[in-house]
> 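Quick one: the structure is below, and I'll ask about it shortly.
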Amino acid sequence: MFRSGGHGLRQLRLHNRILFSTKSAHKGEVKYTDTINLPKSKFPARLSTEKRSELQERLRKTCFSELYAWQRENLPAEKEFVLHDGPPYANGDLHMGHAVNKILKDLILRHNIVTGTRVHYVPGWDCHGLPIELKALEAYGKKERKKGGPQQPLNPLKVRELARKFALDTIAKQRTEFEQWGVTADWSSENSWYRTLDVGYISAQLRLFRELYDNGLIYRDVKPVYWSPSSRSALAEAELEYDEAHQSPSLYLKMQLCAGAECPEIVKRLSSGERISAIIWTTTPWTLPANQAICYNPSLEYSLVRSATSRELLLVGSDLISYVSEQIQTDLVKVATVPGSMLQSLMYRHPITDEELPFLAGDHVKSEKGTGLVHTAPAHGPDDFLVFLDRKIPVRSLIDEAGCYNQQAPDFLRGKFALTDGNRLILERLQDDTLACGIIEHSYPIDWRTKQPVMLRASDQWFIATDQLKESALKAVEQVDIYPHASADVSKKVLRGQLQKRPYWCISRQRAWGVPIPVVYRKSSMEPVVHLEIVENLCNMLEKTGNMDFWWSADVAELVPQRVLSELQLTHQDLVKGTDILDIWFDSGVSWLSVLGRDRKADLYLEGLDQFTGWFQSSLLTSVAARDESPYRAVFVHGFAVDENGMKMSKSLGNIISPKDITKQYGCDALRWWVAAHAIQNVSIPVSHKLLGSSADNLQKIRGIMKYLLGASAGAVDKSRNSSDLSHVDQYFLQQLQQFHDSVFNFYNSYQYNKSSAAIVTFCVSTLSGFYVHLIKDRLYCGSDEQHRNLQEILALTLNVLCKVLWPIAPFLVEESWSYRANEPFFKSCHRLNTTSPLATNVTPIIEQALDLKRHVFQQHQLDVNPWLLTVEATVSRNELQLLRQLHPNLNEPQVDSELCEILQVGSLTLREAEDTVERSIRLDKMDHHLCPRCRRFALSATGSHVCQRCEQVLKTKAV
């Protein structure tokens, strides 16, 4: 593709000034302005901020509002693209991450629509969960504090009332802004969106819960889960962040052995009165009261060691002696070795409770770090828990929902917060048994909402049986395409890894704002009762009341039908309703069920890359559980918006750039252009006024070109063209135009929007403005009517193509410009427009040879003269001549009106064939003539004519 850079634009402006100077002819001179076909259009070259805002609002109301319904009715139903919307959280103002996500989705929808594909897109919102609850309570608390009254704890119904109102108010604000960005959807009716608080959505979710429970894929159990004391709720892996600089105690502790019948070496030494202690290492001293065993690895070798300052023997993994010596800063000498297989009979005395506890074998014990012996508290670790689960040993849990020790804990710890006071008090109590204690800085999980540390804590929770789903889920992942393709292998590996390592999925939460788990329990045993008729009764009550608040206000008699009680041989007094709600990842993860149904699969899910641990995974697992397939055929991932220094945007840093401020200052199209140009290239997406200003500048360049095309093509008739009617330059440009159209849509089809936007700017500035428009100005303005009509038709076709490729990214600019050409929106016109230029002849080698000659001519152009007054003599090789003579048929004599003269933009050209030994040569001279006052291209003849011969013929036809 030809690229002239700024030279073509400068030449274009120079040519305009020369032509327009005919308006200021001297007194007595003939004025030719009215005989020149200058572009005329009322399309404004620029818009003020106020005018742009008015225009955007008008287009939103009169044009964009009907787009979704129109394409559903007018595009073929058999060809449909389904994009399922991941619900944004209804907990605050929109930020740049929302802009990236929603605008990328809209680019995809629009590039499908403009190519004739009907789209299915239902926008949604995630309405439940702790973030909304906290925001609502915070707002309520501020209001109450202003009143000055005492702060009273709120009951669940009041919490739900506040949270629902907050969510609905937020949705209204977010919806308006999405619509202002030009996002394609039916925004006119609540029935055209989905919200996780809607009646139909909740009913489908409750029924799915019961179905998965009946199929053994949902169950209740006591397991250690991530627990947030600050939120007083279980958390999913996706609800965690990690503090990389968290500090924890690093404790090396002695646990005194008291028995070991099957280990002769240890029995002998214990019998002789020697004291032997196992060494364990922990960074969570607060879990030591819940210690129920020491785990070892039967395949490892262990050693009895002694320090020079103590007669006490210590048991440690043989491979870790030097490591432990370094950590406790004491030289350890090996006394005896003990095979790991002989540790199974060992018992030790708990250093706090004085209980005698066992050694248990565990494959999770390694020899790379620690002591080779692992402090085991099954209430606080998944590996520890599995060891006890295999042996069916009851688990001891000493921590309550607030993260404090309960009444089963030792006296000195009861009521103390485990992560702070607990650690301190336990370290004080165990000083005599401590070998070393320091501080370790490491990565530690924190609650993503409260930013406070979490703990692993055993509690009664509801779980998805991920072990039963993993194999099917992994097979489904292999059939999923991931975009961008450049990172597809890595992304798929991440998704597979997340699925493979997930031990279980806890789907219960201990909050008020959410969908209640539809379960009642037998009071005597707390055994859950999940029954089809209970769920159907709840769905009927939901339909009547409009929300699930009745779960908290109704008694069991209203919730459980009499037929169920008779079947269970129970009374209402025998049952109690549950208080847990469903995890919001389950809540949003089943959105495919309400939006797509059982039989439909989405062509695409598009969200940020953090959703590999969130919505992508929860959607996949629930869909595989319910129908044994993925809910999506492809996944598109994007990164996160950061400031120009790569920092995350936050109020505390003062570096937030709001989408609302961007659209006000630069316009919606500039925001959309920034998304297209930058949002898919890296994990971090830089936001700066420099980049946004550059986006606005690109759009302004394109706006100027569209104004020119509108004016130059006004009145054109859209028809097919024959190659014989067109010059080689015209044919070459039409081929470039077709390649441009095809390449942009190839980029669109593979979601490479950065390449699409770059190709549009390059084509407009270089190929269109810098090359073609620059070369055809003389023919367009001053040529014959036939030449003018042909060029008008080409420029009209160019405008069609430009609008079509630009519409997905900058729909406001396209629809505005199209309103100056047609009486209907562009999206209604685009499928009837001619946007192809099939030409059989490939003229590219000819034009490229001419452009190569042009470069050499202007390298030698040192004369201070209008190039149209240049005479050129060019001697070229035979191969070059064979191509160039198709543009300049008369050889060895000057010619002024050949196509090659037009391409070179010179007044006269003589073309000769070089001898075999002679290289190309070029000679330039200045004509001693005046240029025609009408066209400013051709020199006047010596006969004294007022205009050149060409203009004289054109004027005769105009006079007729």
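Keep in mind it's a predicted model, so treat the numbers as computed, not measured.
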> Say whether, by atom type as modelled, one donor and one acceptor occur between the side chain of S248 and the main chain of I440 under 3.5 angstrom.
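No, the answer is negative, given that no donor and acceptor are paired below the 3.5 Å cut-off.
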> Listed by chain and number, what are the salt bridge (Lys or Arg N to Asp or Glu O under 4.0 Å) partners of K392, not counting sequence neighbours?
none
> More than 12 non-hydrogen atoms from neighbouring residues, nucleotides or ligands closer than 6.0 Å to CD on E471, yes or no?
no
> Tell me if the CZ atom of R396 is crowded by more than 12 foreign heavy atoms within 6.0 Å.
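Atom CZ in R396 is packed in, count exceeds 12.
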> Quick one: pull up CD1 in I294 and NE2 in H350 and give me the separation to the nearest 0.5 Å.
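Nearest 0.5 Å value for the CD1-NE2 distance: 9.5 Å.
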> Can you say whether the rings of H380 and W286 are parallel (under 30°), tilted (30 to 60°) or perpendicular (over 60°)?
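Perpendicular, since the angle between the ring planes exceeds 60°.
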> Angle class for the F209/Y213 ring planes (parallel below 30°, perpendicular above 60°, tilted otherwise)?
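F209 vs Y213 ring planes: parallel.
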> Within the structure provided, determine whether V316 and Y323 are in side-chain contact (heavy-atom separation under 4.5 Å).
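SC-SC contact between V316 and Y323 ruled out.
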> Would you indicate whether K451, at its atom NZ, is surrounded by more than 12 heavy atoms from other residues, nucleotides or ligands within a distance under 6.0 Å?
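Yes - once you tally the heavy atoms of other residues, nucleotides and ligands closer than 6.0 Å, there are more than 12.
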> Under a 3.5 Å distance rule, please check whether S618 uses its side chain to pair with a backbone N or O of W585 as donor and acceptor.
yes
> Check whether any side-chain heavy atom of L315 sits under 4.5 Å from a side-chain heavy atom of L343, and report yes or no.
yes
> Nearest 0.5 Å, please: how far is OG in S277 from CG in D433?
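Going from the CG atom of D433 to the OG atom of S277 covers 7.0 Å.
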> So among S318, S341, S367, which one has a side chain to side chain donor-acceptor pair (under 3.5 Å) with E301?
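Looking at S318, S341, S367, the match for E301 under the side chain to side chain donor-acceptor pair (under 3.5 Å) is S318.
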> If I compare all heavy atoms of A465 with all of G216, which pair ends up nearest, and what's the gap?
CB-O, 4.1 Å
> Quick one: CD1 on I399 to CG on L419, what's the gap to the nearest 0.5 Å?
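Separation between the atoms: 8.0 Å.
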> State the CD1-CZ distance between I482 and F612, to the nearest 0.5 angstrom.
4.5 Å
> Measure across R457 and E401 and return the closest heavy-atom pair with its distance rounded to 0.1 Å.
NH2-N, 3.6 Å
> Let me confirm one number: the CH2-OG distance from W592 to S619, rounded to the nearest 0.5 Å.
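Going from the CH2 atom of W592 to the OG atom of S619 covers 9.5 Å.
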> Would I328 and W281 satisfy side chain to side chain contact (heavy atoms under 4.5 Å, CB included), going step by step from the backbone distance to the final call?
CA-CA 11 Å; I328 66 175; W281 172 62; over 6 Å; no
> So do I426 and P289 actually touch side chain to side chain, heavy atoms under 4.5 Å?
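Counting from C-beta outward, P289 and I426 do come under 4.5 Å.
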> Nearest heavy-atom pair of L398 and A409: which atoms, and what distance?
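Result for this residue pair: CD2-N, 4.0 Å.
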> Treating Q510 as the side-chain partner and A234 as the backbone partner, does any N or O pair qualify as donor plus acceptor under 3.5 Å?
yes
> Do N297 side-chain atoms and K366 backbone N/O form a donor-acceptor pair below 3.5 Å?
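The answer is no, because no donor-acceptor pair under 3.5 Å joins these two groups.
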> State, without any angle test, whether W505 and D583 hold a side-chain donor-acceptor pair at a distance under 3.5 Å.
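Checked: W505/D583 side chains pair up, N/O donor to acceptor below 3.5 Å.
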> How would you list all residue pairs meeting salt bridge (charged side-chain N to carboxylate O under 4.0 Å, His left out) that involve residues 304-327, not counting sequence neighbours?
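Sorted pair list: K254-E312, E274-R306, R275-E312.
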> Are side-chain heavy atoms of M255 and P351 found at a separation under 4.5 Å?
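Counting from C-beta outward, M255 and P351 do come under 4.5 Å.
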> Tell me, do R496 and E478 make a side-chain contact under 4.5 Å, heavy atoms counted?
yes
> Flag yes if more than 12 heavy atoms outside D467 fall under 6.0 Å of its CG atom; otherwise flag no.
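Correct, the count exceeds 12.
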> Test side chain to side chain contact (heavy atoms under 4.5 Å, CB included) on T330 and L435; report intermediate values, then the result.
CA-CA 9 Å; T330 302; L435 290 169; over 6 Å; no
> Take a 6.0 Å sphere around CG of D363 and say whether it holds more than 12 heavy atoms from other residues, nucleotides or ligands.
no
> Return yes if some donor-acceptor pair links the side-chain N/O of N406 with the main-chain N/O of S397 below 3.5 Å, else return no.
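Checked: pair present.
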> Do you know which two heavy atoms are closest between L456 and P382, and how far apart they sit?
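Smallest interatomic distance, heavy atoms only, reads CD1-CD, 3.8 Å.
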> Keeping the roles fixed (side chain from Y302, backbone from G372), state whether a donor-acceptor pair exists under 3.5 Å.
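Confirmed, Y302 side chain pairs with G372 backbone.
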> Can you check salt bridge (Lys or Arg N to Asp or Glu O under 4.0 Å) on R210 and D214, steps first, answer last?
CA-CA 6 Å; R210 195 273 314 165; D214 286 350; 2.6 Å; yes
> Between Q292 (side chain only) and A379 (backbone N and O only), is there a donor and an acceptor less than 3.5 Å apart?
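A pair under 3.5 Å: no.
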> Looking at residues at least two apart in the chain, or sitting in another chain, which of them share a side-chain contact (heavy atoms from CB on, under 4.5 Å) with R391?
L360, A361, V387, I393
> Relative to each other, are the rings of W462 and Y521 parallel, tilted or perpendicular (30° and 60° limits)?
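Judged by the thresholds at 30° and 60°, the geometry between W462 and Y521 is tilted.
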> Could you walk me through whether R220 and D580 satisfy the salt bridge (Lys or Arg N to Asp or Glu O under 4.0 Å) test, starting with their C-alpha distance in whole Å, then the side-chain angles of each, then the deciding distance to 0.1 Å, before giving a yes or no?
CA-CA 12 Å; R220 185 170 173 83; D580 292 344; 3.7 Å; yes
> Check whether the side chains of T420 and R424 place a donor and an acceptor atom closer than 3.5 Å, and report yes or no.
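Result is no, nothing qualifies.
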> Looking at V624, L620, T466, which hits side chain to side chain contact (heavy atoms under 4.5 Å, CB included) with L499?
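Single side chain to side chain contact (heavy atoms under 4.5 Å, CB included) partner of L499 among V624, L620, T466: L620.
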> Can you check whether R511's main-chain N or O pairs, donor with acceptor, with S233's side chain at less than 3.5 Å?
no
> Just so I know, are the side chains of K223 and C506 near enough to count as touching, which here means a heavy-atom distance under 4.5 Å?
no
> Within a 6.0 Å radius of atom CD on Q329, are there more than 12 heavy atoms belonging to other residues, nucleotides or ligands?
no
> Of all the heavy-atom pairs spanning C258 and L270, show the shortest one and how long it is.
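So the two residues come closest at C-CD1, 4.2 Å.
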> Would you say S230 and T450 are linked by a side-chain donor-acceptor pair, where the criterion is simply a distance under 3.5 Å?
yes
> Assess the residue pair R269 and E265 against the criterion (salt bridge (Lys or Arg N to Asp or Glu O under 4.0 Å)); give the C-alpha distance rounded to whole Å, side-chain angles, the decisive distance to 0.1 Å, and a yes or no.
CA-CA 6 Å; R269 293 179 181 275; E265 183 68 30; 2.7 Å; yes
> Please determine whether the number of non-hydrogen atoms from other residues, nucleotides or ligands lying under 6.0 Å from atom CG of N215 exceeds 12.
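Buried by this count: over 12 neighbours within 6.0 Å.
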> Once you round to the nearest 0.5 Å, how far does CD of E133 lie from CD1 of I581?
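Separation between the atoms: 7.0 Å.
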> Could you tell me whether the side chain of K470 reaches within less than 4.5 Å of the side chain of Q500, counting heavy atoms only?
no
> Using a 6.0 Å cut-off, check whether atom CD of Q569 has over 12 heavy atoms from anything other than its own residue.
no
> Quick check against the 3.5 Å criterion: does N291 have a side-chain atom that pairs as donor or acceptor with the backbone of A293?
yes
> Testing the basics here: between S231 and L130, what is the closest heavy-atom pair and its distance to 0.1 Å?
OG-CD2, 2.9 Å
> Is a side-chain donor or acceptor of Y252 paired with a backbone partner of T371 at a separation under 3.5 angstrom?
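Looks like no, no N/O pair under 3.5 Å.
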> Side chains of T622 and L593: closer than 4.5 Å at any heavy-atom pair?
no
> Between D574 and K523, does a salt bridge (Lys or Arg N to Asp or Glu O under 4.0 Å) hold up when you go through it step by step?
CA-CA 6 Å; D574 296 325; K523 283 183 182 179; over 6 Å; no
